[in-house]
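This report concerns only the one structure given below.
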Amino acid sequence: MTTRTRLSHLQQLEAESIYILREVAAQFERPALLFSGGKDSITLVHLALKAFRPGKFPFPLVHIDTGHNFPEALQFRDDLANRIGEKLIVRYVQDSIDQGKAVEEKGKFPSRNAIQTVTLLDTIAEFKFDACIGGARRDEEKARAKERVFSVRDEFGSWDPKLQRPELWNIYNGKIHVGENVRVFPISNWTELDVWEYIRSENIPLPSLYFSHKRQIVWRENVVFPVSEFVTLDSSDKVEEKTVRFRTVGDMTCTAAVESEANSLDDIIREIQTSRTTERGSRLDDKRSEAAMEERKRGGYF
Amino acid sequence: MDLLRFITAGSVDDGKSTLIGRLLYDSKSVFQDQLEAIEKRDQVNGQINLALLTDGLKAEREQGITIDVAYKYFSTPKRKFIIADAPGHIQYTRNMVTGASNSDLAIILIDSRKGVIEQTYRHSYIASLLRIPHVIICVNKMDLVEFSQERFEEIKKDYINFASDLDFKGLEFIPISALNGDNVVDASPNMPWWKGKTLLGYLEDLELEEDENKHDARFPVQYVIRPQTEEHHDFRGYAGQVRSGVFKKGDDIVVLPNGHRSKIKSILTHEGEVEEAFAPMSVTILLEDEIDISRGDMIVTEKHVPNVSQDIDADLCWMDARALVPGNKYLFRQTTGSVKAAVREITFRIDIQTHHRLDASQLALNEIGRIKIRTAKPIAFDNYSENRGTGSFVLVDEGTNNTVGAGMITGSN
């Protein structure tokens, strides 16, 4: 009998991610899955279905809504939670601002990216979450490349890259003191292309934002920027209509689009394979300084 | 397409970061915006400093050294690669052990001008200890020795002599220049005498299947799925990842350490039932009988049964600033299990430079030695040399919760 006894790279990545999700379920009392309605967290939810069905998820889905999200992503988020019958908790950055805990940035490019951390940490405290599962990948950014799969954060949510626990074989150590929490990244070893190929092979539905559509845009720092109620336009901005899609979906204030005709998963994969820029090349929040991501992560950002 | 995980080792100036940068760059895995970011910084002899592609932390860029393991990814049409980029400094032995623990292959760099040095031995020893099956010795900076075949052969001979007590399944030597790209991705016109593969060619063609342990079926139970709903009233599934070997529907199984026996009723994935599961598949196993099984238990087939004992001998890499002394108690974490354990004895400490066994009353940070340890309850395990998945463990300090030791089981006593 000849049997195939090696998994493809996507199957290996999938098996590893399912293993990590089950480790979270077994090692923590109050975990949560951070879910934004973007492709990476949608992939996480799909992996969680594989890890826990026919049982229920041992954690709720949690979204920190900045108030600047794309309506398409929010609609998708609600529909998905309904469809799979799992609990969704939403907390709002606007509430943190109204309570005086967070202060809106000033200037022409105000982003709620940084103050999102305030609401996240409050939400962790409110529900006493001891683990937060997220869809970050090591290939996204050079500071992320240093991230553990189980990343311990202190009571302030801070990450200290010099004091990380060694992580050996596939033995994950989730032991923490009260007040600390662990950020868990089950798709650490996936690349952007892996995620897209997996979405194609598993036929996972995505928000329409990822596929080409016509949209009003302005050019900002050489990137195609979507016009929305949250973007301040002045006389130097020229609004145009372009056929675009989003390669990564964050806030409307920091996520740029790419000009693209790709409207199927095959097209998108072909486009990424030949792309000469990284996914995060269209994120203005990362372009602020060379260590922008590292600084945010040290401060408790995802 | 499949997956190869490898580690790169070499001392500080051997060109490790440059080699990784070169692999990424020549395999077209570097994006324009990443290049623009490093082009803004210093350039070496008018060339892009490829080493800047790998150091992710501010302190690393400031100091020009790698502090912690970083993971890098690239793929070719044949294979996806995960690189564990580990620091070369002696004080970061624990980081090299960390990177080595999941690797199928190690690339060890030697500077062609310096030849085999102490660091080479240390890295080779760790690769051997961690049972990385394949090692490639990249003799780097060949451009600085006029691409001399004699020099390459001399280093190769030295290495073989010096590594005679180490155990690798496959050992290859490749003359390269990471800075210029000779024999990294493209064959070098400067070394027509080299008839072997390029580094990438070797990485792409390496057979991995034969490295797997196929005869010992091991399934550590990770999580019990019990929906207790109307539809799945009696469902009791043991979820986990097959660590080695193959499980088939109908197999007679034993649950360790308690020794209960049963038969596999079905093997489930999200897509439905499958006839068999092999490593590293994550599946859910249903058994014919209702027996008491929980996380940390190991399901095995009757044919090849692992050891069960409370007294274990192991090689240990110590990773904590506070030294290990006999009598200390830790949490012993192996596969999905967790049990208290006391270190009874440090049998010897290893001088990593010479491989000599030394008497030791303690193990300090980054030291490696043989220990005897007693667990509070019996555990099921294989020797690390036969099974990296069931023969490895970590020690967790219950005061700090830190992972303080990495162990490789050598037997029971």
Side-chain angles (χ1 to χ4, degrees), chain A residues 3 5-19 22-23 25-26 49-56 58 138-139 141-147 152 161-162 164-171 173 175-177 180 188-191 193-194 275-278 280-281 290-291 294-295, chain B residues 1-3 31-34 37 55-59 67-73 75 79-80 82 94-95 97-98 101-102 208-209 212 214 222-223 225-227 229 231-232 235 239-241 246 269-270 276 278 280-282 295 319 331 333-334 336 388-389 392-394 396 401-403 406:
Chain A
T3 46
T5 53
R6 260 192 92 74
L7 299 178
S8 73
H9 81 292
L10 284 180
Q11 290 170 321
Q12 285 188 56
L13 292 173
E14 178 194 73
E16 177 180 272
S17 301
I18 292 172
Y19 172 81
R22 288 169 171 169
E23 280 303 290
L49 289 168
K50 294 200 175 204
F52 301 112
R53 288 292 187 253
K56 295 281 279 183
R138 288 175 178 148
D139 80 317
E141 208 276 338
K142 54 189 180 296
R144 286 252 199 252
K146 298 272 171 181
E147 185 75 86
V152 179
K162 284 188 182 174
Q164 300 195 82
R165 287 178 184 171
E167 199 158 73
L168 298 121
W169 298 288
N170 54 359
I171 308 175
N173 175 7
K175 298 285 272 182
I176 49 171
H177 295 290
E180 294 177 337
S188 282
N189 284 328
W190 299 46
T191 60
L193 189 58
D194 294 330
S275 169
R276 298 298 300 134
T277 54
T278 60
R280 287 211 160 246
E290 194 177 0
E294 182 180 342
E295 300 295 342
Chain B
M1 187 155 90
D2 71 359
L3 190 56
F31 294 104
Q32 200 56 43
D33 48 341
Q34 292 171 315
D55 287 331
L57 300 175
K58 227 166 134 183
I67 290 169
D68 200 351
V69 187
Y71 294 90
K72 296 280 161 198
Y73 305 82
S75 54
R79 208 164 238 174
K80 174 184 162 103
I82 302 180
R94 65 174 205 165
N95 290 334
V97 170
T98 299
S101 69
N102 285 318
L208 289 173
E209 203 167 332
E212 291 163 6
K214 291 213 178 69
Q222 214 187 343
Y223 185 77
I225 296 178
R226 284 182 64 211
T229 54
E231 195 188 345
H232 298 283
F235 187 97
Q241 185 171 23
V246 183
T269 68
H270 191 61
E276 61 173 36
F278 51 86
M281 285 170 72
S282 280
R295 174 174 166 84
M319 303 182 150
L331 210 56
R333 300 210 46 200
Q334 176 239 7
T336 56
R388 289 169 90 185
S392 52
F393 65 89
V394 303
V396 175
N401 288 330
N402 285 332
T403 301

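Residue numbers begin at 1 in each chain, while the letters A, B, ... track the order of the sequences.
To the nearest 0.5 Å, the span separating OG1 on B:T98 from CZ on A:R165 amounts to 13.0 Å. Note that CG of B:L3 and CG of A:L7 are 10.0 Å apart. Values are rounded to the nearest 0.5 Å. In this structure, CD1 in A:I171 is found 9.0 Å from OG1 in B:T403, a value given to the nearest 0.5 Å. Taken to the nearest 0.5 Å, the CG atom of A:D139 stands 7.5 Å off from the OH atom of B:Y73. The CD1 atom of B:I82 sits 9.5 Å away from atom NE2 of A:H9, with the distance rounded to the nearest 0.5 Å.
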For the pair B:T336 and A:E23, evaluate side chain to side chain contact (heavy atoms under 4.5 Å, CB included) and give the outcome as yes or no after the intermediate values.
CA-CA 8 Å; B:T336 56; A:E23 280 303 290; 3.8 Å; yes
Could you walk me through whether A:L13 and B:K80 pass side chain to side chain contact (heavy atoms under 4.5 Å, CB included), step by step?
CA-CA 11 Å; A:L13 292 173; B:K80 174 184 162 103; 4.1 Å; yes
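B:D2 places no side-chain N or O within 3.5 Å of a backbone atom of A:S8 that could act as its donor or acceptor partner. Under the 3.5 Å distance criterion, the side-chain polar atoms of B:Q222 are left unmatched by any main-chain donor or acceptor of A:A26.
Note that A:R138 lies in the cation-pi zone of B:Y71, set by a 6.0 Å cut-off to the ring centre and a 45° limit from the axis.
Heavy-atom distances place both the backbone and the side chain of B:M281 under 4.5 Å from chain A. Residue contact with chain B, scored on non-hydrogen atoms closer than 4.5 Å, involves the side chain of A:D194 exclusively. Interface residue A:E16: backbone and side-chain heavy atoms are both found under 4.5 Å from chain B. In this structure, chain B has heavy atoms under 4.5 Å from both the backbone and the side chain of A:L168. The parts of B:R333 that come within reach of chain A are both its backbone and its side chain, each placing non-hydrogen atoms under 4.5 angstrom from that chain. Heavy atoms closer than 4.5 Å to chain B are found in both the backbone and the side chain of A:L49. When heavy atoms are compared at a cutoff of 4.5 Å, B:L331 approaches chain A solely by way of its side chain, counted from C-beta outward. In this structure, chain B has heavy atoms under 4.5 Å from both the backbone and the side chain of A:R53. For A:K50, the parts sitting under 4.5 Å from any heavy atom of chain B are the backbone and the side chain alike.
B:R388 is linked by a salt bridge (Lys or Arg N to Asp or Glu O under 4.0 Å) to nothing, counting only residues two or more places apart in sequence or in another chain.
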